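Just so we're clear, the structure is a prediction, and the values are computed from it rather than from any experiment.
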Amino acid sequence: MATDWIALQALAAAEFGRRVAAVTDWDAATPDSEWTTRDLVTHVVDEQRWIPLLLTGCDHAQAEADLEAIGDDLTVEWAKFAARATEAWRNAPADVPVHLSTDVVPAHEYLAEQTSDLTIHTWDLARATGSDETLPTQLVEAVWHQFEPKIEDLAATGLYAPPVDVPDDAPLQVRLLAVTGRDARVDA
């Protein structure tokens, strides 16, 4: 059965939004050692701003020129830009070319990439805020299947820290996060 990335994107956005609502300390550290909670949420909001423009055929430079600024209330900004992104995903043909800064990919590839990134950052935000770190099983499984063939290459992209060594029998969420350089074990 094919993965319904549209439904998974909406679920990942809802899960991230739930964690954004739990933020009480915007200066708290996150698992992304260089980012505060504010930096992390700003990064994810920023990614959501691009989606509607890129899915309508704007190239990266044009989209950058047309981006609406992010306001100071990140909870409000998350809700606004996430809703726009989710709607754009629902309306975009899966094969529409998306002009990223480094490549042109079909929308369905960009959707899987963005949903995966949002899923990983949901855990980051949960860890930073002390909220529920459990990710929905269907998200973990889909992202794992997306990442598993690329495990050896993930760290080389520069987007992820080197993998964390965890046992092969660790829960799938722990193994998924480990390949992105995150130690999700409870005692970590």
Do L177 and I120 have side chains that get closer than 4.5 Å, going by heavy atoms? yes
Hey, are E133 and R182 close enough for a salt bridge, meaning a charged N less than 4.0 Å from a carboxylate O? no
Are side-chain N/O atoms of H43 and D46 paired as donor and acceptor at under 3.5 Å? no
Measure from the side-chain N and O atoms of D32 to the backbone N and O of E34, and report whether any donor-acceptor pair falls under 3.5 Å. no
Between V143 and L8, does the side chain to side chain contact (heavy atoms under 4.5 Å, CB included) criterion hold? Intermediate values first, please. CA-CA 10 Å; V143 175; L8 291 172; over 6 Å; no
Distance, nearest 0.5 Å, that separates CD of E15 from CG of L139: 7.0 Å
For a quick test of reading the model, state the closest non-hydrogen atom pair linking A29 to A128 and the distance between them. O-CB, 3.3 Å
Please round to the nearest 0.5 Å and tell me the distance separating atom CG of D168 and atom CG of D165. 8.5 Å
Can you tell if the side chain of R18 reaches within under 4.5 Å of the side chain of D132, non-hydrogen atoms only? yes
Taken to the nearest 0.5 Å, the spacing of K80 NZ from L74 CG works out to 11.0 Å
Drop me the distance from H60's NE2 to L53's CG, to the nearest 0.5 angstrom. 10.5 Å
I would like to know whether V98 and L55 meet side chain to side chain contact (heavy atoms under 4.5 Å, CB included); could you show each step before the answer? CA-CA 6 Å; V98 178; L55 292 178; 3.8 Å; yes
Can you measure from OG1 (T56) to CG (D66) and round to the nearest 0.5 angstrom? 9.0 Å
Quick check against the 3.5 Å criterion: does Q173 have a side-chain atom that pairs as donor or acceptor with the backbone of L135? yes
Side chain of D103, backbone of V105: donor and acceptor closer than 3.5 Å? no
Where is the tightest heavy-atom contact between A112 and Q146, given as atom of each residue plus distance? CB-NE2, 3.6 Å
Min side-chain heavy-atom separation F81-I51 under 4.5 Å: no
Applying side chain to side chain contact (heavy atoms under 4.5 Å, CB included) to E113 and D117, what does each step give before you reach the verdict? CA-CA 6 Å; E113 174 190 315; D117 189 61; 5.6 Å; no
When you group the ILVMFWY residues by side-chain heavy-atom contacts below 4.5 Å and let the links chain together, are L100 and L111 in the same group? yes
Given the rule that I, L, V, M, F, W and Y join up when any side-chain heavy atoms are under 4.5 Å apart, are W35 and V164 in one cluster? no
Rounded distance (nearest 0.5 Å) linking atom CZ of R19 with atom OG1 of T122: 6.0 Å
At their closest point, which heavy atom of A85 faces which heavy atom of Q48, and how far apart are they? CB-OE1, 3.2 Å
Min side-chain heavy-atom separation W5-H108 under 4.5 Å: no
To check you understand the geometry: which heavy-atom pair defines the closest contact between R49 and A69, and what is its length? NH1-CA, 3.7 Å
Contact check, side chains of Q114 and Q9, non-hydrogen atoms, under 4.5 Å: no
Taking atom CG of N91 as the centre, does the number of heavy atoms from other residues, nucleotides or ligands within less than 6.0 Å exceed 12? yes
Residues W78 and A13: closest non-hydrogen pair is CZ2-O, 3.4 Å
Mind checking whether Y110 and W89 have ring centres under 6.0 Å apart? yes
Determine whether T3 and E141 make a side-chain contact, defined as any pair of heavy atoms from C-beta on separated by less than 4.5 Å. no
Quick one, T30 and L125 - any side-chain contact, counting heavy atoms below 4.5 Å? no
Any side-chain heavy-atom pair of T36 and W26 under 4.5 Å: no
